[in-house]
Peer 1: 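Submitted below is the structure of interest, expressed as structure tokens.
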Amino acid sequence: MRSGPSGPPGSPEDIGALSAVGALDALGRLEEFRPPPMAGAGANSKDISSPVDRRRLEDALRASENRFRAAFVDAGIGMALVDRDDLIIEANPALAEMLGCTVPELMRMHIHQLMDVEERARHVYRQLVRGELDRVRLEKRLRHRQGHAVWTNITVSLIRDSTGEPLYTLAMVEDVSEARRLGDRLHYQSMHDPLTGLPNRALFFDRLAGACAEADQRIGLCYLDLDGFQAVNDTLGHPVGDELLVAVARRLEQRFSPRGHLVARVGGDEFAVLVPRSAGAEELTALASEVVEILGPPYDLAGQRVAATASVGVVERPVSGTSPTELVKDADATLCWAKSDGRSRWALYDPERIASQMTRQVLATTMRPALERGEFLLEYQPLVELATGRLQGVEALVRWRHPEFGRLAPDRFIQIAEETGAIVPLGHWVLETACRQARSWMDRFPDAQPLVSVNLAARQFRDSDMVADVAEVLGRTRLPARLLQLELTESAVMGPAGRPVEALHALDAMGVRIAIDDFGTGYSNLAYLSRLPVHVLKLAKSFVEGFDEQVRDAVDEKIVTALVRLAHVLGITVTAEGVESAAQAEQLRLTGCDSAQGWHFGRAVPAEQIDRLLGG
């Protein structure tokens, strides 16, 4: 064996010598270290048992012990020697201070008195004690004398005897409690909203994922945001907006956190209440009602009373077949329904409504390409003079032959076209196609010369030069302007959304007829109407229904009679829409109504069928 260390204090050589000092009491049992005499050694051979050599060996061992004991005692980390029975046989002051004990109190203490050893760590440690491993590293929570936890990194090394058999273990213990607390603080900050202190989006999704992983459970989510929060920021300032968010968070937290629900701020003025084990949709809708109720009363902020209601989207379902992403997506969509339905209310997820929205989205994104692919077509509904029964003209109605959804009527996609702006190219195509067809009828049936009526949207006036477009189409198709009738709704003509007065006058000067569609459902301002170049009023179907023999309504008859007379005074003709019976047609004729359209006269049909009407 080595007679002395070759490395500095604390090196592996020191640790090995230290074990010998603690285990064998080297100075008291020196004889055990004397090597046997060499065979054949004579008088001139160096005898280690001589007094001089023995004293030299004693001095070396004593110096080695002093150095290593100093390294052990003065070490900045905790150290302990543990025997094979897991008893501490030697500990240094750093370990004692770390645990709030004295060194004598640690002596002969079982390590289980200082820590809980889970099964895996116990198995690895027994491997070390048996000599199968030389070193293990663990992160353990030790018990301080005062009861709190001390987080440590422990390196346990095996010390063997001169024959290589396991003798003791040396534990080196580093206190990492402060680093652990710092890590915990950083983790907390990364998972919580700094303004409200609520769990943030990251923690919300973590808990949501955990809840979705539980089999045979139901899950519920209320997703909400504040109505008009941006107005608070804009008018009162962001500091007041922040105070409002904090106040909202406190109301939600105080009401729902004690029930075991997770209340989180997921961004901006959006909050979520997660019910991991829902009892059903009734529980979630009741909770949503509570949310609307508790957030409704005004808030006293910065000396001002601030009102801020909330809209809530509610989703409740089994966890099987769903995912955190789908759950939040559906809750967010449902929240939009609550807002569109009037705000300060909740809405429950409806799969059919979601499917309808998805269909709308598909239609919105495929409409322009569909126009390029020629998926749209026009059909024509007859317009008939009530006095003579003569075919006066037709109304052009667009249809969409969708490859996935089949044949679509205008009510399925016209509003989408207006919202997306696709109504401009689509409307231009309808206008040109209808004018080209009308020119064809004019050429083939010169005695009939039916007019064609085309619907226009307010956005077409706003987003394009409607007058120039009409002039271009009439010039290209060679259709006389008098055979083109353009239909607009009351709101488009007279409402604040758009007042294409100049364009209407220009179109009138061009010779184009102007009709007000669905008259009676909007402003119905005849005084304003008298100043516009309007040629035709098309009465809404709701008025015509009052002429049905089964549900005859005298009030509707009087209203229609009065409207017809007023229109005639203004030089405007009247067309009734939605006529479905001969009785209705006759009653309308008696009121003085000029023309009509509806299933009684014919449904919208391809141009070829209009040919037969014109030729017959």
Side-chain angles (χ1 to χ4, degrees), residues 190-193 196 198-227 229 248-249 252-253 256-257 259-292 295 310-343 345-366 402 404-405 412 416 419-420:
S190 70
M191 292 292 183
H192 289 78
D193 173 47
T196 64
L198 291 178
N200 63 10
R201 189 177 186 85
L203 181 53
F204 166 73
F205 271 98
D206 182 71
R207 297 285 180 84
L208 181 58
C212 287
E214 294 189 27
D216 302 323
Q217 295 291 337
R218 298 185 70 86
I219 189 169
L221 176 62
C222 286
Y223 208 73
L224 64 124
D225 73 2
L226 303 182
D227 302 322
F229 176 72
V248 168
L252 294 173
E253 188 176 33
F256 301 115
S257 292
R259 304 180 190 177
H261 305 330
L262 176 71
V263 179
R265 182 189 178 199
V266 292
D269 62 327
E270 294 182 343
F271 296 84
V273 181
L274 174 65
V275 182
R277 296 186 176 185
S278 166
E282 290 185 2
E283 178 187 8
L284 266 294
T285 55
L287 189 151
S289 295
E290 284 189 77
V291 170
V292 174
L295 298 186
S311 298
V312 188
V314 183
V315 178
E316 198 282 335
R317 62 179 57 151
V319 297
S320 59
T322 191
S323 69
T325 302
E326 290 176 350
L327 200 67
V328 172
K329 176 177 66 67
D330 292 342
D332 190 40
T334 309
L335 169 61
C336 293
W337 301 347
K339 286 199 173 291
S340 64
D341 290 344
R343 302 189 174 192
R345 65 189 65 229
W346 57 266
L348 181 64
Y349 175 79
D350 180 359
E352 292 185 3
R353 191 168 178 178
I354 283 288
S356 176
Q357 283 189 330
M358 293 178 64
T359 300
R360 285 177 59 86
Q361 182 62 28
V362 171
L363 296 180
T365 55
T366 59
H402 197 281
E404 181 180 354
F405 303 117
R412 292 287 303 277
I416 301 174
E419 293 171 357
T420 62

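Residue indices begin at 1 and follow the sequence shown.
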Peer 1: Can you check whether F271 reaches L198 side chain to side chain, under 4.5 Å on heavy atoms?
Peer 2: yes

Peer 1: Of the non-hydrogen atoms in A209 and P324, which two are nearest, and what is the gap between them?
Peer 2: CA-CG, 3.8 Å

Peer 1: For the atom pair CD (E290) and CG (L295), what is the distance rounded to the nearest 0.5 Å?
Peer 2: 11.0 Å

Peer 1: Any heavy-atom pair between the side chains of V275 and R259 that's under 4.5 Å?
Peer 2: no

Peer 1: Can you name the nearest heavy-atom pair linking V266 to A272, along with the distance?
Peer 2: CG1-CB, 4.1 Å

Peer 1: Report the distance from atom CG of L221 to atom CG of L327, rounding to the nearest 0.5 Å.
Peer 2: 5.0 Å

Peer 1: If you measure from CE on M191 to CZ on R207, what distance do you get to the nearest 0.5 Å?
Peer 2: 9.5 Å

Peer 1: Which pair of heavy atoms, one from A211 and one from V319, lies closest together, and at what distance?
Peer 2: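 The pair with the smallest heavy-atom distance is O-CG1, 3.6 Å.
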
Peer 1: Can you run down the side-chain hydrogen bond (donor to acceptor under 3.5 Å, both in side chains) pairs that involve residues 331-340, sequence neighbours left out, and say none if there aren't any?
Peer 2: D225-K339, D227-K339, W337-Q357

Peer 1: Would you give the length of the straight line joining atom CZ of F405 to atom OG1 of T366, rounded to the nearest 0.5 angstrom?
Peer 2: 7.5 Å

Peer 1: Quick test of your reading: applying side-chain hydrogen bond (donor to acceptor under 3.5 Å, both in side chains), list the pairs with at least one residue in residues 275-289, sequence neighbours left out, ordered by first then second residue.
Peer 2: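 Passing the test, one end in residues 275-289: E214-R277, S278-E316, S289-W346.
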
Peer 1: Which residue in the set L252, V315, V273 passes side-chain contact (heavy atoms from CB on, under 4.5 Å) when paired with C222?
Peer 2: V273

Peer 1: Can you list the residues that meet the side-chain hydrogen bond (donor to acceptor under 3.5 Å, both in side chains) rule with D330, with sequence neighbours excluded?
Peer 2: R317

Peer 1: Compare every heavy atom of V292 with every heavy atom of A310, then report the nearest pair and how far apart it is.
Peer 2: O-CG2, 4.0 Å

Peer 1: Main chain of E352, side chain of S356: is a donor-acceptor contact present, judged purely on distance under 3.5 Å?
Peer 2: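 No, because the side chain of S356 does not come within donor-acceptor range (under 3.5 Å) of the backbone of E352.
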
Peer 1: Looking at L203, is its backbone amide N or carbonyl O close enough to the side chain of N200 to form a donor-acceptor pair, meaning the two atoms are under 3.5 Å apart?
Peer 2: yes

Peer 1: Just by modelled atom types, is the R265 backbone N or O under 3.5 Å from a matching donor or acceptor in the D193 side chain?
Peer 2: no

Peer 1: I'd like to know if the side chain of R353 reaches the main chain of P351, judged simply by a donor and an acceptor atom lying under 3.5 Å from each other, with no hydrogens or angles considered.
Peer 2: no

Peer 1: OH/Y223 to CZ/F204 distance, rounded to the nearest 0.5 angstrom?
Peer 2: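 Answer rounded to 0.5 Å: 6.5 Å.
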
Peer 1: About how many Å separate OG1 of T420 and CZ of R360, when rounded to the nearest 0.5 Å?
Peer 2: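 Reported value, rounded in 0.5 Å steps: 9.5 Å.
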
Peer 1: Do you know the tightest heavy-atom contact between E326 and G321?
Peer 2: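 Scanning both residues completely, I find the closest heavy atoms to be OE1-O, 3.8 Å.
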
Peer 1: Side-chain contact test, heavy atoms from C-beta onward, threshold under 4.5 Å: evaluate it for L287 versus H261 and give yes or no.
Peer 2: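 Yes, their side chains come closer than 4.5 Å.
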
Peer 1: So, do L274 and I219 sit near enough that their side-chain heavy atoms are less than 4.5 Å apart?
Peer 2: yes

